Enquirer: 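Structure below; questions to follow.
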Amino acid sequence: MAMNRVQFQKGLSMADFQAQYGTEAKCRRALYRSRWPKGFRCPACGDRRRSTFRRGGQPYYQCRACAHQATLLSGT
Ligand SMILES: [Zn+2]
């Protein structure tokens with residue numbers, strides 16, 4: 001019984017993936033750009049001014065107008 005060898009196809013390689021999201025900073029930037037393509041906008045009041053701080057190793061973005069806190073991964 002003959003068996004066909006399956007050719008191993010190269011898709012998105014690990015190297016490509018790491019080149020895109022290699023560092024944590026790049027990953028954050030990609031998340032930030034997908035969340036706020038035109039820059040930060042407060043999900044609560046729409047103000048564009050924000051300050052940044054860290055909590056638990058995660059960056060938080062706090063609206064300066066209403067003090068709403070958002071993360072890159074949180075919902076609205
Ligand atoms: Zn706000």
Side-chain angles (χ1 to χ4, degrees):
M1 183 171 174
M3 292 181 71
N4 292 327
R5 285 184 181 263
V6 178
Q7 290 282 327
F8 202 78
Q9 298 242 333
K10 284 187 178 179
L12 183 67
S13 73
M14 204 60 201
D16 287 339
F17 185 81
Q18 288 191 340
Q20 233 179 330
Y21 297 104
T23 68
E24 196 184 345
K26 278 184 182 174
C27 183
R28 286 239 169 83
R29 201 166 302 152
L31 281 171
Y32 188 93
R33 288 183 68 89
S34 72
R35 186 154 169 72
W36 295 298
K38 294 176 180 174
F40 177 82
R41 185 175 285 270
C42 175
C45 73
D47 203 276
R48 302 186 69 87
R49 292 165 299 165
R50 55 124 171 107
S51 53
T52 315
F53 65 94
R54 277 174 171 269
R55 183 191 290 159
Q58 182 174 216
Y60 278 70
Y61 302 90
Q62 183 172 43
C63 173
R64 289 192 186 182
C66 73
H68 179 88
Q69 294 174 2
T71 68
L72 292 175
L73 300 175
S74 69
T76 50

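Numbering of ligands and ligand atoms starts at 1, following listing order. Not measured: the values here are computed from a predicted model.
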Enquirer: Find out whether Phe40 and Arg49 are in side-chain contact, i.e. whether some heavy atom of one side chain is under 4.5 Å from a heavy atom of the other.
Expert: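 The answer is no, as the side chains (C-beta and beyond) never meet within the 4.5 Å cut-off.
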
Enquirer: Given side chains that start at C-beta, do those of Tyr32 and Leu72 come closer than 4.5 Å, heavy atoms only?
Expert: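 Counting from C-beta outward, Tyr32 and Leu72 do come under 4.5 Å.
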
Enquirer: Is it true that atom CZ of Arg29 has more than 12 heavy atoms of other residues, nucleotides or ligands lying nearer than 6.0 Å?
Expert: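 No - once you tally the heavy atoms of other residues, nucleotides and ligands closer than 6.0 Å, there are 12 at most.
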
Enquirer: With rounding to the nearest 0.5 Å, note down the distance linking CZ in Arg50 to CH2 in Trp36.
Expert: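 If I round to the nearest 0.5 Å, the distance is 8.0 Å.
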
Enquirer: If waters are left out, how many protein N/O/S atoms lie within less than 2.8 Å of the Zn ion (ligand 1)?
Expert: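 Excluding waters, the total comes to 4.
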
Enquirer: About how many Å separate SG of Cys45 and CZ of Arg48, when rounded to the nearest 0.5 Å?
Expert: 11.5 Å

Enquirer: Distance from Leu73 atom CG to Arg35 atom CZ, nearest 0.5 Å?
Expert: 8.0 Å

